[in-house]
Amino acid sequence: MPPSSTASAPDLLAGLNPAQRAAVTHHAGPLLVLAGAGSGKTRVVTHRIALRLREGLPGHHVLALTFTNKAAAEMRARVDALTGGASTSPNVGTFHATSARLLRQWAPRIGRGANFTIYDDDDQIAAIKRVLKAQGVGEKSVKPSEVREAFDRAKNEGRLPEAGDLPPTLLAAGGAGVADAYEAELLRSNALDFGDLILRVAQLLEREPELAAQLRRRWPVVLVDEFQDTNPAQMRWLRALSPPETCPDLTVVGDDDQAIYGWRGADVRNMLAFEQTWAGASVVRLEQNYRSTAHILAAANAVVAHNTERLGKTLFTDAGDGHRVEVEAFESPRDEARWVAGRVRTLCRDEALGPGDFAVLLRTASLSLDLEEAFRAAGVPAVQVRGRSFYDRAEVRDAVAWLRLAVNPHDDVAFQRAIGAPSRGVGETSLEALSKAAAEAQLSLYSRALMPPASIKAKARGALATFSSLLDEHRALAASQTPLSQVSQTVLAPLLEAMRAQALATRDRSEELAQRVENVERLVVAIREFSREQPDAPLDAWLERVKLVSDADAVPEGTAVSMLTVHAAKGLEFPVCFVIGFEEGTFPHARALRDGEVGLDEERRLAYVAMTRARQRLTLSWCRERRTFTETRHCTPSRFIGEVPTEHIEARVEPEPSRAVARPFGGLRGRSERSTRRSSDADLYADPVYEDDTGGDSPWRVGMWVWHGDLGRGRVVGVSRGVRTTLQVEFDGVGRRSVIASWVSPYDAP
DNA sequence: CACACCCTACTTTTT
DNA sequence: GTAGGGTGTG
């Protein structure tokens with residue numbers, strides 16, 4: 001951009017603090033930005049890119065790697081806004097998406113076609129099951145998911161899996177060949193799994209210096225976001241692209257306290273060792289937090305300070321003290337959920353907040369069950385942030401399998417799925433025979449189906465032939481200039497037709513079947529929308545996007561309370577946050593505690609991430625009892641609650657129309673689990689602070705209006721107190737019903 | 001070979 | 001409480 005235009009462009013350094021300014025203006029050469037939560041990290045990265053572009057660097061020489069597609073889109077938009085679109089756009093994407101793009105160019109070098117399929121976890125498991133069967137290893141001797149994790153681990157560490165990576169039970173069952181067979185299966189299927197995407201790029205760049213040199217010329221400037229979550233394979237990728245000995249223009253940004261993907265192979269030590277690996281690197285610390293008020297920040301800092309092995313960094317804020325952190329205890333998750341919903345209503349009424357200002361953060365996705373119910377009952381709009389779930393439905397996966405085959409007919413996982421949806425006379429027996437013959441000939445199912453073995457019956461052979469020629473038609477269509485929406489409609493027509501016929505033929509369950517048809521129709525609509533956004537994009541591009549979406553990509557902008565896992569919430573902020581399920585065994589999670597200190601430290605960082613999402617208000621809650629599918633567990637509060645100094649905790653909140661128990665928690669600090677349990681047991685019967693339905697303080701009164709999620713509005717005509725309060729309610733248009741009190745919420749009289 | 005039904009095992013986080 | 005596997009029947 002010519003200097004003359006700089007005058008009208010925004011001043012890229014205005015409003016930055018000294019540390020941010022140092023990071024933005026740092027000259028070429030490796031730079032590590034240690035960016036605490038809410039310290040303006042994205043601002044620094046985008047301004048740094050914008051400054052380089054303004055200095056005349058063409059955008060296409062910049063590569064910025066992010067963790068999620070949403071983060072990539074945001075970064076792209078912000079850079080464009082800063083530069084006014086005057087330069088070419090920088091290349092912004094996730095490691096996986098960027099790798100996939102590179103590999104499509106380089107596909108022949110790894111024995112793939114440019115139209116290779118990306119196998120996600122479920123595809124991997126399907127492939128592993130096929131392999132286990134082909135190798136004659138019963139699925140009983142090993143869980144396919146365990147094998148998948150072993151393969152994943154190896155690839156994240158930077159190598160192809162070998163027999164030594166397999167679970168001992170599998171080796172004992174004679175499954176040593178499974179690793180090689182799995183790789184052969186991927187090769188035949190013209191497929192790569194998630195781990196491959198990163199690993200193959202790393203390997204190619206290391207083995208073919210001219211490729212690496214070419215890439216370095218293309219991307220002399222590299223930035224990496226969320227660096228603390230990179231795994232060893234990604235580090236090799238990065239080292240090849242920005243070799244330490246060349247003193248590359250490499251900027252990595254991250255926060256070791258927010259490293260929460262260790263279970264996926266990420267290694268914080270990459271960050272701790274950055275200064276050694278890229279010798280001579282500069283380090284800038286961003287420690288001023290612009291997000292949270294002081295009590296919230298101090299509470300979060302205090303929790304994470306219990307970890308050792310930190311780069312060390314203490315956040316501060318200029319914002320006022322704000323509200324203290326609320327700690328709430330409940331008898332059951334249902335009470336907890338009802339209280340959260342009620343509190344959202346109260347705050348919306350009293351504090352000029354809308355539902356979109358709230359988030360409920362969950363350690364595990366399943367904790368949302370009671371919440372959904374409670375928000376519905378309270379009439380508060382709330383959505384669970386789940387980007388993938390739609391694509392995980394069986395019928396949607398069936399449809400996607402058909403689309404995949406239109407691009408890559410050798411995709412065995414899709415082949416196996418599509419051939420049974422709708423069923424067409426090729427059952428288990430035939431498929432197994434075909435599988436065996438395919439593996440022997442080193443061919444995909446599709447290729448082998450073109451010359452079916454004699455072991456398959458004539459009827460099934462005919463069905464296979466019909467199926468194959470259908471795939472050929474689809475492939476020709478997808479390769480032609482036909483618009484994407486028409487391609488998808490044609491490809492999915494046989495499936496949709498069969499599903500509609502089935503829905504009509506079935507009397508009961510027709511609702512459910514109709515819903516499935518609708519889901520597939522929605523998929524067609526989604527494809528149409530995609531092709532409107534990107535008119536020239538082929539079906540491959542859509543499939544790739546679908547594969548690489550994550551939960552975090554689907555965070556709604558808006559008008560509803562967000563319920564989301566802490567992992568999905570990383571990088572986001574909300575004025576008001578509730579972290580629920582803060583119990584030993586849930587958060588920290590029991591499975592993580594099994595891994596000892598390492599697991600606990602990561603759980604603590606997760607707690608830190610959760611707490612630092614809040615701008616103004618933060619509530620931590622726990623339940624004395626939590627039921628899993630089989631058992632009811634008596635719970636003690638999370639040790640992380642005890643790690644928050646008392647002075648940052650709100651001892652008690654105003655009474656709410658629920659069975660909430662508000663009480664101070666500072667006293668729990670340092671107590672043994674045993675004494676904690678005793679004190680909560682005692683609370684059940686004696687603690688005067690505790691109020692439940694058996695006490696005289698019930699919020700329910702005859703004559704008051706209530707709202708029920710299913711039955712609508714009604715007026716209380718009777719209250720019976722027992723183990724749980726039951727209300728007799730006269731519902732509008734429904735009549736008199738007896739309902740459990742925790743299912744309804746108070747409702748302002750019309 | 002396809003479908004209906006019953007049983008069991010399951011919930012950590014996800015590019 | 002449900003998804004996916006296993007079993008039995010048409």
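Computed from a predicted model, the values in this text were never measured in an experiment. Residue numbering restarts at 1 for every chain, and letters A, B, ... go by the order of the sequence lines.
Following rounding to the nearest Å, A/L361 (CG) and B/dT13 (P) show an atom-to-atom distance of 15 Å. Atom CD of A/E395 and atom P of C/dA3 are 11 Å apart (whole Å). A/L548 has its CG atom 16 Å from the P atom of B/dT14, to the nearest Å. The CG-C1' distance, from A/L367 to C/dG1, rounds to 16 Å in whole Å. Rounded to a whole Å, the CG atom of A/L132 is 15 Å from the C1' atom of C/dG5. As rounded to whole Å, 19 Å separates atom P of B/dT11 from atom CG of A/D370. Taking atom CZ of A/R153 as the reference point, atom P of B/dT14 lies 18 Å away to the nearest angstrom. Atom CG of A/D121 and atom C1' of B/dT12 are 13 Å apart (whole Å).
Separation of the A/F640 and A/H306 ring centroids does not fall under the 6.0 Å cut-off. In this structure, A/W263 has its ring center under 6.0 Å from that of A/H567.
When the side-chain nitrogen and oxygen atoms of A/T565 are compared with OP1 and OP2 of B/dT14, one or more of them lie within a distance under 4.0 Å. Listed pair A/K570 / B/dT14 fails the phosphate criterion, with no side-chain N or O lying under 4.0 Å from OP1 or OP2.
Counting distance only, with no hydrogens placed and no angle test, the side-chain atoms of A/T364 and the base atoms of B/dT12 include no donor-acceptor pair under 3.5 Å.
Judged as a ring pair (Phe, Tyr, Trp, His ring centres under 6.0 Å), the pairs with a partner in residues 411-433 of chain A (not counting sequence neighbours) are, in order, A/F415-A/F467.
A residue-by-residue look at A/L431 and A/R591 shows that A/L431 has its nearest nucleotide of DNA chain B further toward the 5' end.
By the 5.5 angstrom centroid cut-off and the 30-degree plane limit, A/H567 is classified as not stacked against the base of B/dT13. The ring of A/W263 lies on top of the base of B/dT13, close enough and flat enough: under 5.5 Å between centres, under 30° between planes.
Residue A/A365 is in sugar-phosphate contact alone, with no base atom involved, counting any heavy-atom pair closer than 4.0 Å across all strands shown. A/F95 comes within 4.0 angstrom of nothing in the nucleic acid, heavy atoms only.
Of all nucleotides listed (B/dC10, B/dT14, B/dT12), B/dC10 comes nearest to the side chain of A/K143. Of the listed nucleotides (B/dT11, B/dT13, B/dT14), B/dT13 has the atom at the smallest distance from the side chain of A/R363. Comparing C/dG5, B/dT11, B/dT14 by their closest approach to the side chain of A/K129 singles out C/dG5.
No donor-acceptor contact under 3.5 angstrom links the side chains of A/N231 and A/D267, judged on distance only.
As rounded to the nearest Å, B/dT13 and C/dG4 have P atoms that lie 16 Å from one another.
In terms of the side chain to side chain contact (heavy atoms under 4.5 Å, CB included) criterion, residue partners of A/A414 (sequence neighbours excluded) are, by chain and number, A/A401, A/R404, A/L405, A/D411.
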